[in-house]
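Numbered from 1 within each chain, the chains take letters A, B, ... in sequence-line order.
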Amino acid sequence: MPELAEVDAYRRLAEEVVGRTVAAVVAPDAWYLKRGLTAAGAEAELTGRTVTSVRRTGKLLLLETSGDGPVLGLRFGMSGRLLVDGHAAVDNLMYASNRELERWDRFALVFAPPRGGDLRMRDSRRLGGVELDPAEARLGPDALAIGPAALAALLESGAPLKARLMDQARLAGVGNLAADEILWRAGLDPARPARSLSPAERRRLHRHLRAAMADLLARGGSHTGDLMPARQPGGVCPKDGTPLVRRTVGGRTTWSCPTHQH
DNA sequence: ATTGTGGCCTGCCCGC
DNA sequence: TGCGGGCAGGCCACAA
């Protein structure tokens, strides 16, 4: 479930390793290394490099390294957590075990003295991954920064509105929980064709997109939305009390209110 | 090119 | 008490 809100917390945590130099790479899980990367390759490319800055686009966390070193791209999938010096950024992750087991450590940078310490990815379900120099251009604008014109452009499609919001190539950072929250706040039916929105509805969507993402970020997670507590069997709309409807839209479990979402 | 589907992976929870 | 099946969703390969 790490969506934009969680990965941004990871980014802030990862700031603590800026200025530290990689002494060793621990990559015990070959599956976790993507796009041809190997443990030996990661070791060769990263050892001796200093982390110079940390960025985030959508759900992708990026660590820049010194000299002509690679950009390290970290994806967290559903259950990935980030730990720096043994501390986690997010206490409670939905749909993932919150137990702390070292056997779920899939990738780590160990830093050289004097600061030492380490940065670890702990991912029970192994849906995340690590790559060097990820193709950042394949991601759309970040959901916290997208403007109304860019949003209007990505709505030029007959695909379901929700599928469009979750298309990371067009809008980076909105996951399933955030999408439900945004559309619930905006009063829009997730299954509507994206291009069917009127100009007024597009403006409303843009406003709620920005506000909802900022709220989730401030509250500390994509599971902190106002819709979230009702997003379960028997749940009723927190706005009007209508029993929520559960459907699959865009291939994802979708909860929405049949009364106020049109 | 665009859009939709299935599968990856694993822990957890339910019902028997 | 154990076990099997269903479920969660980010992402990618693949099909239409």
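When each of C/dG10, B/dG11, C/dA8 is scored by its nearest atom to the side-chain atoms of A/S124, the top-ranked nucleotide is B/dG11. Taking the side chain of A/M78 as heavy atoms from C-beta on, and the options B/dC8, B/dT3, C/dG10, the nearest nucleotide is C/dG10.
A/D142 places no side-chain N or O within donor-acceptor distance of the main-chain N or O of A/T57, the cut-off being under 3.5 Å. Listed for the A/Q261 side chain is a donor-acceptor partner under 3.5 Å among the backbone atoms of A/L183. Judged by distance alone, the side chain of A/D123 and the main-chain N or O of A/G128 form a donor-acceptor pair under 3.5 Å. No donor-acceptor pair under 3.5 Å is formed between the side chain of A/T248 and the backbone N or O of A/G251.
Near DNA chain B, meaning a heavy atom under 4.0 Å from it, residues 148-161 of chain A has A/S157, A/G158, A/A159, A/P160 in order of number.
Look at the P atom in both B/dC9 and C/dC3: the space between them is 23 Å, to the nearest Å. Across the P atoms, B/dG7 and C/dG5 are found 16 Å apart, a figure rounded to whole Å.
Hydrophobic clustering (side-chain heavy atoms under 4.5 Å, transitive across Ile, Leu, Val, Met, Phe, Trp, Tyr) keeps A/L60 apart from A/Y10.
Between C/dG10 and A/R126, no contact under 4.0 Å exists linking OP1 or OP2 to a side-chain N or O.
Note on A/G251: nothing from the nucleic acid sits closer than 4.0 angstrom, heavy atoms only. Residue A/R195 is out of contact with every strand shown, counting any heavy-atom pair closer than 4.0 Å. Counting any heavy atom pair closer than 4.0 Å across all strands shown, A/R35 reaches no nucleic acid atom.
Only one option out of A/L83, A/L109, A/L74, A/D29 pairs with A/M121 in a side chain to side chain contact (heavy atoms under 4.5 Å, CB included); it is A/L74.
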With 3.5 Å as the limit, what N/O pairs link the protein to nucleotides 11-16 of chain C?
unit_1, atom_1, unit_2, atom_2, d
C/dC11, N4, A/R252, NH2, 3.4

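For the pair A/E64/A/V71, a side-chain contact is recorded, criterion being any heavy-atom separation below 4.5 Å from C-beta on.
Classification of A/R20 and A/D85 as a salt-bridged pair holds, one side-chain N sitting under 4.0 Å from a carboxylate O.
Where pairing requires Watson-Crick or G-U contacts shorter than 3.5 Å, the helical stems of DNA chain C with at least three consecutive pairs are B:2-8 with C:10-16, B:10-16 with C:2-8.
Among residues two or more places apart in sequence or in another chain, the side-chain contact (heavy atoms from CB on, under 4.5 Å) test is passed with A/A169 by A/D167. Looking at residues two or more places apart in sequence or on another chain, you find a side-chain contact (heavy atoms from CB on, under 4.5 Å) between A/S66 and A/R49, A/T50, A/T52.
Counting only residues at least two apart or on different chains, the salt bridge (Lys or Arg N to Asp or Glu O under 4.0 Å) pairs with a member in residues 232-261 of chain A are A/D189-A/R247.
Look at CG on A/N176: it is 6 Å from P on C/dG10, rounded to the nearest Å.
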